[in-house]
Amino acid sequence: MSIPFLNFNYMHQPIKGEIMQAFESFYDSNWYVLGERVKQFEAEYALFNGVNHVVGVSNGLDALHISLLALSIGVDDEVIVPANTYIASVLAVSFVGATPVFVEPRIDSFNINPELIEAAITPKTRVIMPVHLYGQACEMEAIKTIAERHGLYVIEDNAQAQGASYNGNLTGSWGDINGTSFYPGKNLGALGDAGAVTTSNEILAQKAMVLRNYGSYKKYYNEVIGHNMRLDECQAALLSVKLKYLDQWTKERQQIACWYDETLKEYSQIILPKLAEKATHVYHLYVIRTQQRDALQKHLAKNGIGTLIHYPIPPHLQNAYKHLGYSAGDFPITEEIADTSLSLPLWPGMTQIDVEAVSQMIGNFF
Ligand SMILES: *Cc1c(COP(=O)(O)O)cnc(C)c1O
């Protein structure tokens with residue numbers, strides 16, 4: 001038996017003809033950077049995400065970086081980030097010279113706990129950056145209420161949750177300006193690096209557009225010090241094709257998660273992912289927790305089942321963030337998640353038989 005952690009085949013093979021056609025049309029256009037294909041994908045993704053503006057950029061990290069720059073966040077500012085997140089959310093804060101301030105998640109949802117945010121706010125706080133981790137929407141109403149009460153901006157890190165919603169509104173449409181990633185393994189993945197900024201604020205969208213392109217409104221006229229963080233025409237063309245299938249793939253992810261829920265619930269040694277009230281989950285990852293994580297992972301690997309840990313070392317304990325002065329024990333819930341969580345195989349195309357095989361192998365271990 002072999003069930004890989006991720007398998008692109010079932011997503012990519014059926015649409016190969018369409019992808020090749022899009023590539024050929026791009027190829028024949030002889031236009032490679034900031035053309036019609038980027039514009040078209042931006043319009044399509046804006047429609048998908050329920051926002052007025054999308055700015056295609058080079059990757060998810062750059063989307064968050066540009067979002068912070070567009071809000072003029074910099075040195076002496078603090079940005080509240082979840083302690084339990086992928087390092088990129090934190091790196092973006094560092095790249096503008098601001099200081100990340102970590103807030104613990106709820107152990108059930110893995111997402112930032114709004115009840116702990118206010119205690120982390122100081123006179124230097126400018127932004128709250130919720131991350132819709134593993135594909136589940138954060139408690140956006142509570143977060144927005146706190147932001148409004150304290151005059152803070154909200155930037156959503158929507159890299160893992162394209163299509164998720166909280167109380168009926170899509171992630172990536174709540175914040176002032178937000179970032180998402182089209183890294184190949186994300187729910188909507190390019191065939192290489194890509195990302196986008198999403199916002200309904202026209203001024204912020206303009207700023208993001210200029211910042212991704214050398215700070216230039218008009219070729220060779222530079223208004224601000226910008227970057228080269230553009231989305232490629234080629235990736236935009238391929239993303240337009242894949243976007244059409246995203247809803248279908250999301251439904252498949254949700255069905256697979258449902259099969260896991262059903263088949264794993266009998267094992268008291270593992271804790272299954274829980275949905276917060278009013279939140280939907282698009283299952284970028286299906287993350288279980290168990291005290292015997294490392295042994296279980298070994299057992300599954302030995303039997304041909306691929307799993308990963310998201311993430312083994314939380315940002316506050318990474319060498320890159322030694323200078324912040326945190327040590328083990330400072331964020332116990334985050335550390336507990338790092339020590340006990342295991343992401344099971346989940347990809348569109350996975351069958352009920354695959355899921356049952358994984359679950360049986362887990363049962364066999366316990
Ligand atoms: C993937 C990811 C990013 C970064 O996206 P890239 O396109 O890889 O730069 C940021 N935040 C989270 C939560 C992610 O999962």
Side-chain angles (χ1 to χ4, degrees), residues 5-6 57-69 73-107 110-113 116-117 119-120 122 124-134 138 155-160 179-181 183-186 193 195 227 229 284-285 287 289-298 301 306-343:
F5 178 73
L6 181 60
V57 297
S58 30
N59 57 62
L61 172 57
D62 290 347
L64 296 170
H65 186 170
I66 286 180
S67 297
L68 288 157
L69 286 175
I73 307 304
V75 180
D76 291 335
D77 295 332
E78 291 178 358
V79 176
I80 291 179
V81 290
N84 185 45
T85 185
Y86 180 55
I87 194 77
S89 327
V90 189
L91 293 175
V93 175
S94 301
F95 277 130
V96 299
T99 303
V101 174
F102 299 112
V103 168
E104 286 267 63
R106 289 196 200 275
I107 192 92
F110 302 105
N111 275 335
I112 191 166
N113 184 347
L116 303 177
I117 290 177
T122 76
K124 291 182 170 181
T125 310
R126 303 276 314 280
V127 178
I128 305 173
M129 184 190 284
V131 181
H132 309 293
L133 208 64
Y134 310 149
C138 291
I155 298 175
E156 295 168 80
D157 178 342
N158 196 33
Q160 301 190 356
T180 193
S181 163
Y183 180 77
K186 298 288 157 76
D193 277 310
H227 291 267
M229 293 179 166
H284 173 56
L285 299 169
V287 180
R289 292 200 307 113
T290 171
Q291 295 302 326
Q292 299 167 74
R293 192 266 313 275
D294 292 341
L296 175 61
Q297 184 175 38
K298 258 199 208 120
T307 59
L308 287 175
I309 296 165
H310 297 92
Y311 298 91
I313 302 172
H316 72 279
L317 297 178
Q318 293 283 359
N319 285 335
Y321 283 107
K322 251 190 195 143
H323 60 279
L324 294 179
Y326 293 110
S327 45
D330 284 344
F331 296 99
I333 300 173
T334 297
E335 291 165 30
E336 173 77 10
I337 290 169
D339 291 341
T340 58
S341 63
L342 188 67
S343 307

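Hydrogens, waters and symmetry mates play no part in the numbers below; they use all other heavy atoms, side chains included.
Not a single donor-acceptor pair under 3.5 Å links the side chain of R289 to the backbone N or O of I337. Of the possible donor and acceptor atoms, none in the side chain of R126 sits under 3.5 Å from a partner among the backbone N and O of G74. Counting only distance, with no hydrogens or angles, the side chain of E78 and the backbone of T99 share no donor-acceptor pair below 3.5 Å. A donor-acceptor pair is defined here as one N or O able to donate and one able to accept, closer than 3.5 Å; such a pair exists between the side chain of T180 and the backbone of N158. A donor-acceptor pair under 3.5 Å links the side-chain atoms of E335 to the main chain of F331, judged by distance alone. With Y321 contributing its side chain and Y326 its backbone, the two residues share no donor-acceptor pair below 3.5 Å.
Taking CG of L342 as the start and OG1 of T307 as the end, the distance is 4.0 Å to the nearest 0.5 Å. How far CD of Q297 is from CG of L308: 7.0 Å, rounded to the nearest 0.5 Å. Between R106 atom CZ and I112 atom CD1 the span is 10.5 Å, to the nearest 0.5 Å. Atom SG of C138 and atom CG of N111 lie 3.5 Å apart (nearest 0.5 Å). Annotation: the span from M229 atom CE to L69 atom CG amounts to 7.0 Å, rounded to 0.5 Å. Rounding to the nearest 0.5 angstrom, the gap separating the CD atom in Q160 from the CG atom in L285 is 5.5 Å.
Residues A120 and V103 approach most closely at CB-CG2, 3.6 Å, considering heavy atoms. Closest approach of A338 and P312 over heavy atoms only: CB-O, 3.6 Å. In plain terms, the two heavy atoms of V287 and S341 that are nearest each other are CG1-CB, 3.6 Å.
Counting heavy atoms from C-beta on, the side chains of K124 and V101 never come closer than 4.5 Å.
A side-chain donor-acceptor contact under 3.5 Å links E104 and T334.
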Would you mind writing out the side-chain donor-acceptor pairs for residues 79-87 within the sub-3.5 Å range, not counting sequence neighbours?
from, atom 1, to, atom 2, distance (Å)
N84, ND2, F110, O, 3.2
T85, OG1, S89, OG, 2.8

N/O donor to acceptor pairs below 3.5 angstrom from side-chain atoms of residues 60-68, sequence neighbours left out:
from, atom 1, to, atom 2, distance (Å)
D62, OD2, S58, OG, 2.6
D62, OD2, N59, ND2, 3.1
S67, OG, A63, O, 2.7

